[in-house]
Structures are given as structure tokens and as C-alpha cells.
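One structure below.
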Amino acid sequence: MGEKVIALSDLRALADIPEIPADAPAPDGLLSDALGRPLRDLRISVTDRCNFRCSYCMPKEVFDRDYRFLPQSSLLSFEEITRLASVFALHGVTKLRLTGGEPLMRKHLDELVRLLAELRTPAGDPLELTLTTNGSLLARHAPALRAAGLTRITVSLDALDDAIFQRMNDVGFPVGDVLAGIDAALAAGFGPIKVNMVVKRGTNEHEIVPLARHMRDHYGPQVVLRFIEYMDVGATNGWRMDEVLPSDAVRALLAQAWPLVPLPARSPGETAQRFAYADGRGEVGFISSVTQAFCGECNRARLSTEGKLFTCLFASRGHDLRALLRNGATDVQLAAAVSRLWGRREDRYSELRSASAPSDAPRQRIEMHYIGG
């Protein structure tokens, strides 16, 4: 095991102001990138702040009391977010995911949800509107989010054992309060709820079976537990390959306790491989972006809290849509700029990493708390 190295470069300021091409075709919902991948999913970070300090995302050594988060004036307003989301819907986006940081730290988030719930695709269908949260504030906000039109929730939970969970979130937050948030969300009408566990070898791999058992016994099909390989997102988490526990190993551990049956993907570009418990007590998923890269079907774009578009989770540079917004660009011009950016997209970082071609991949990457997972 080598020493943990934390890079301190800050890439938030690196962004270009996109061109507005004069000859871009009108949006037809069929926009594809240079590798033929459509645009279907927009992940919107509503804040760069979080009340946890998980080592794999916002280690306390970097994100301490002196760290400078974005000022309120830099953030996109709810109206600006909604306007940009409507432009992406014209290009084929059918799903919006609100992320952070911890998105529930953004005040009055239900008001944004209400605005986004009014958007429609060109065919007149509502967009799928989802939220990823650490669950710490969920019990308080779940009813209002549901009433505003949120359709689905994903909760991050990395351990069932309270001592391990508190060490991982590094702020002493108890696991019982996250479970209370899941209960409140189910009571509000959300379900099934996805629960994501980031597995880090040497830290929480012995929590895999206990957490799965708890979800099976207490929630059954109402909760889908998904296991995520520890990823080299950003540059501050000291990522090492020897701390990655491959999804195949996780699945083997689970199969020793409960037989699993493979399930088909629900839609193209789905990140998780799905398996059902043979006894009918629900399902689990495996997100394997390190050992089984799925760049070939990636249909996701990411919008930072200050309006920068990133075409890959592992990007090192963004495109400043806020500048266009605040300089008076029309919706037609915004759509043309997005069309140009996505049409030139060639990102496939995880495939290059898996192919042992690090020289072809960016050495510096934007932090996950800034653009969402």
C-alpha cells in the first residue's frame, strides 16, 4: 500500500464560453455525439456544498473550514436551471437528476422541483425527475419534494454499522438518521428507492452482506441496493486501484448468501447491471465503471451549480453556459451551442483507463462534489 497523495489543483475556473453556430439545425430530439451516443440524461448540481466529508469525495484534509465554496451570486438561479433544462429536453433529454454536493442543502429546493416538473419533451411527456442525496435531510424534505413533483430518490449509504458509517462520512452522522430518511421517503410515496453503496477495499467491504440483509429484511422490493466500485473521480481522494473491490467479487459474496438471477437492462445507457434475488425479495445492482467500463452507451451530461456543462464525469474542463445565459442568448442560440458541444463529444475516460492507456486520459479531473455523481 503506497502513501496517500492528495492533489490540490482547482479546475473550477477552467471553462470556455461555447460558440453559437449560425448553421445548427433545429433540435429534433435525436442529437448524438461523435461516437453515436444520444443525449438522454442531464445531471444538475444545485450546490457544491455538503454536510458530509466522505474520503472518496470530499476529504476533510482538503474541504476544511478554510475551503472556498462558490458564492451565492455564482450559482444558477432556479429560473436559469429550468431554462437550460428545457433546452436540453428539446435535444432528447428525458431524465433530470438533481445532485450536489448535497442537494438538500440548497434552500427551497422543492420550488425548483415544481418548475422542472412542468417541463415536457417535444412529444408532450413529462421528464423523469430524480434526486440523489446522502439522506441526512431527507426525512424533513421528502413530503414537500413529492408534492412538488419529484418522481424518484436515490440515497447514498456506505455501511450499516454505525461506527464504520460515521468514520466514512467523517462528521459523526449516525446511520439511523439516514434510515429514517428512507422510511420517510417511502411514506411520502417514493418507491422503489435506490440505495447506493460505494465499496472501498479495506474500509467497508465487510458491510456488503449486512447491508444487503437489512435492505432485504426491512424493505424487500421497495429498496434496490446498488454497489458502486470506488472510482478515481476528481483529484483529491487519493484513489488507488488496490482499493477497488471489483463488482464480480461483490456479487460472489452476495451469491454465497442468496442466489441471484440476472435481469435485463431497463433502458439503453443504464449504468447498473441488475440481478434479482431468486427468492423474490427484491433486486441489487452493480455499477462497475472501473473494471467494466460502460462509456460506449453513456448518454449523460452534467451541469455544474454555476452553469458549466461537462460531457463526462471525469472531465477536466467545462463549457460556460451561464455566460451565454447572462449575456442575452436566446433559447435558439443556447440549443445551437449545446448541439455543437455534444456533437463533438468523444469522451471515454473509463474505457481508456481500462485499456491501460492513461496517456490518452486527462490527468486532472473536476471534483465530483462540483458536478454531481
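In this text the structure is predicted, and so the values were computed from the model without any measurement. Side chains are part of it too, since the values below use all heavy atoms of this structure and drop only hydrogens, waters and symmetry mates. One is the number of the first residue; the rest follow in order along the sequence.
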| Considering residues at least two apart in sequence or located in another chain, which fulfil the side-chain hydrogen bond (donor to acceptor under 3.5 Å, both in side chains) criterion with Gln166? | Asp162
| field | Arg281 and Asp279 ion-paired at < 4.0 Å | value | no
| said: Restricting to non-hydrogen atoms, name the atom on Leu131 and the atom on Pro103 that form the minimum distance, rounded to 0.1 Å. | reply: CD1-CG, 3.4 Å
| field | Ion pair check, Arg213 and Asp217, cut-off under 4.0 Å | value | no
| Side chain Glu229, main chain Thr291, donor-acceptor under 3.5 Å | yes
| field | NZ/NE/NH1/NH2 to OD/OE distance under 4.0 Å, Arg348 and Glu346 | value | no
| request: Taking side-chain hydrogen bond (donor to acceptor under 3.5 Å, both in side chains) as the test, write out the residues that go with Arg226, two or more places apart. | output: Asn196
| Atom of Val46, atom of Leu75 and distance for their closest heavy-atom approach | O-CD1, 4.4 Å
| request: Could you walk me through whether Arg97 and Thr132 pass side-chain hydrogen bond (donor to acceptor under 3.5 Å, both in side chains), step by step? | output: CA-CA 7 Å; Arg97 178 179 295 279; Thr132 295; 2.8 Å; yes
| task | Find out whether the Lys NZ or Arg CZ of Arg53 is both under 6.0 angstrom from the six-membered ring centre of Phe63 and within 45° of the ring's axis. | result | no
| said: Tell me which pairs pass salt bridge (charged side-chain N to carboxylate O under 4.0 Å, His left out) where either residue lies in residues 266-275, with sequence neighbours left out. | reply: Arg266-Glu283, Arg274-Glu283
| Listed by chain and number, what are the salt bridge (charged side-chain N to carboxylate O under 4.0 Å, His left out) partners of Arg344, not counting sequence neighbours? | Glu19
| Looking at residues at least two apart in the chain, or sitting in another chain, which of them share a ring pair (Phe, Tyr, Trp, His ring centres under 6.0 Å) with His141? | none
| field | Residues which pass side-chain hydrogen bond (donor to acceptor under 3.5 Å, both in side chains) with Thr133, listed by chain and number, not counting sequence neighbours | value | Glu102
| query | Please, which pairs that meet side chain to side chain donor-acceptor pair (under 3.5 Å) have at least one residue in residues 83-95, sequence neighbours excluded? | reply | Arg83-Asp331
| query | Would Met105 end up clustered with Phe173 when hydrophobic side chains under 4.5 Å apart are linked, directly or stepwise? | reply | yes
| said: Tell me the closest heavy-atom pair linking Leu116 and Leu98, and the distance in Å. | reply: CD1-CD2, 3.8 Å
| task | Provide the full list of salt bridge (charged side-chain N to carboxylate O under 4.0 Å, His left out) pairs with a residue in residues 120-143, sequence neighbours left out, each pair given once. | result | Glu128-Arg152
| Quick check: does any side chain N or O of Arg322 sit under 3.5 Å from a backbone N or O of Ser74, one acting as donor and the other as acceptor? | yes
| Which residues share a side-chain hydrogen bond (donor to acceptor under 3.5 Å, both in side chains) with Asp161, sequence neighbours left out | none
| query | Does the ring of Tyr230 carry Arg201 above it, NZ/CZ under 6.0 angstrom from centre and within 45° of its axis? | reply | no
| message | Minimum heavy-atom separation for Ser304 and Leu76, please, with both atom names. | response | O-CD1, 4.3 Å
| remark: With sequence neighbours left out, the residues meeting salt bridge (charged side-chain N to carboxylate O under 4.0 Å, His left out) with Asp28 are none
| Taking the side chain as C-beta and beyond, is there a heavy-atom pair between Leu260 and Leu254 under 4.5 Å? | yes
| query | Can you get from Leu157 to Met168 by hopping between Ile, Leu, Val, Met, Phe, Trp and Tyr side chains that sit under 4.5 Å apart? | reply | no
| task | List in chain and number order the residues that pass salt bridge (charged side-chain N to carboxylate O under 4.0 Å, His left out) with Asp170, two or more places apart in sequence or in another chain; answer none if no residue qualifies. | result | Lys60
| remark: Hits for salt bridge (charged side-chain N to carboxylate O under 4.0 Å, His left out) against Arg300, two or more places apart or cross-chain, chain-then-number order -> none
| query | Relative to the ring of Tyr67, is the ring of Phe69 parallel (under 30°), tilted (30 to 60°) or perpendicular (over 60°)? | reply | perpendicular
